[in-house]
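Whatever order the structure lists ligands and atoms in, that order sets their numbers, starting from 1. Numbers here are sequence positions counted from 1.
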Amino acid sequence: MEFFSVVNARRSVRKFLSEPVGRDVLEKIVAAGLEAPSGCNMQLRQYIIVDDPAVLAELAVASNVFKTAPAAIVMLIEPKAATAGGEFWIQDISAATQNMLLAAVDLGYASCWVEGQIQRDEDHLRKVLAVPSELRIWSVLPVGKEDGQAKRPQKSTPDEITHYNRFGMSYYLSCRC
Ligand SMILES: Cc1cc2nc3c(=O)[nH]c(=O)nc-3n(C[C@H](O)[C@H](O)[C@H](O)COP(=O)(O)O)c2cc1C
């Protein structure tokens, strides 16, 4: 797909068809995460690809999204300062996540950034997924073919959130002509 078509087609999808997702597809989505920027290139991220229905059922304890998802990718991060000058791990995992959501769409699949619900159940999921204590389970991305068509929620319009040169200057006010 053309880049902006992918950006505009991406939606948070929470209901999936039962059709399985090939490991090649899931690995391509992870590969898109690997290409994301990270503070000082520390790449403190790791991923667990889940396609075992028993493990997906445990993920569904945290979110109903995993009741229908045929696969998921668990996003792990080592919450460590990248340098003395900054701690960037939340940004790092977020950059990888967005790359992966877009990659899923480009490959003909749907996903959703599930984070709030995961963090509430992190202790349970840590046991189920055997995640070592130095890593946080930050979010989980379901992956599958969409069942139905998620609606585009209301979004800000460019003129509501874009300023030229100084805050409050619209395109027309900033025009020199
Ligand atoms: C940091 C973050 C946490 C999120 N956590 C959840 C979540 O726990 N469960 C969920 O269903 N959606 C979650 N979402 C998805 C948002 O609800 C969704 O992106 C938003 O409603 C806009 O819809 P859209 O993605 O279709 O544009 C999360 C998104 C972000 C960026």
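- Remark: distances from the non-hydrogen atoms of Arg152 to ligand 1 are all 4.0 Å or more.
- For the residue pair Gln91 / Trp89, no side-chain donor-acceptor distance below 3.5 Å is found, with atom types taken as modelled.
- For ligand 1 and Val114, the ligand atoms under 4.0 Å from any heavy atom of the residue are 6 (C), 7 (C), 8 (O), 9 (N).
- Near Arg10, the atoms of ligand 1 lying under 4.0 angstrom from a non-hydrogen atom of the residue are 24 (P), 25 (O), 27 (O).
- Taking the centre and axis of the six-membered ring of Tyr109, the NZ or CZ atom of Lys145 falls inside the cone set by 45° and 6.0 Å.
- When Ser12, Ser111, Ala62 are checked for heavy-atom proximity to atom 20 (C) of ligand 1, Ser12 turns out nearest.
- With respect to atom 16 (C) of ligand 1, the closest heavy atom belonging to the protein is Arg14 NH2, 3.8 Å.
- Counted within 6.0 Å of CD on Glu35, heavy atoms from surrounding residues, nucleotides or ligands total 12 or fewer; the atom is thus considered open.
- Residue Gly116 has at least one nitrogen or oxygen atom sitting less than 3.5 Å from a nitrogen or oxygen atom of ligand 1, judged on distance alone.
- Listed by number with element, the atoms of ligand 1 under 4.0 angstrom from any heavy atom of Gln117 are 7 (C), 8 (O), 9 (N), 10 (C), 11 (O).
- With rounding to the nearest 0.5 Å, the separation of CG in Asn64 from CG in Leu59 is 12.5 Å.
- Of the polar atoms of Trp113, at least one N or O is found under 3.5 Å from an N or O of ligand 1, judged by distance alone.
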Could you go through the salt bridge (charged side-chain N to carboxylate O under 4.0 Å, His left out) check for Arg136 and Glu122 one step at a time? CA-CA 8 Å; Arg136 292 278 322 259; Glu122 191 179 355; 2.8 Å; yes
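- Every atom of ligand 1 is numbered from 1 in the order shown, and the set under 4.0 Å from a heavy atom of Pro153 is 22 (C), 23 (O), 26 (O), 27 (O).
- With 3.5 Å as the limit, one finds a donor-acceptor pair spanning the side chains of Gln117 and Ser63.
- Separation of atoms CD (Glu78) and CE (Met42) is listed at 7.5 Å; rounding is to 0.5 Å.
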Test salt bridge (charged side-chain N to carboxylate O under 4.0 Å, His left out) applied to Arg45 and Asp92, step by step: CA-CA 8 Å; Arg45 312 166 282 225; Asp92 291 1; 5.3 Å; no
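- Distance check: Met75 CE to Ser139 OG gives 5.0 Å after rounding to the nearest 0.5 Å.
- Residue contact check: Arg11 has heavy atoms under 4.0 Å from atoms 24 (P), 26 (O), 27 (O) of ligand 1.
- At the shortest separation from atom 27 (O) of ligand 1 among protein heavy atoms lies Lys155 NZ, 2.6 Å.
- The nearest heavy-atom contact from the protein to atom 3 (C) of ligand 1 is Glu115 CB, 3.5 Å.
- Ligand 1 lies less than 4.0 angstrom from a heavy atom belonging to Cys112.
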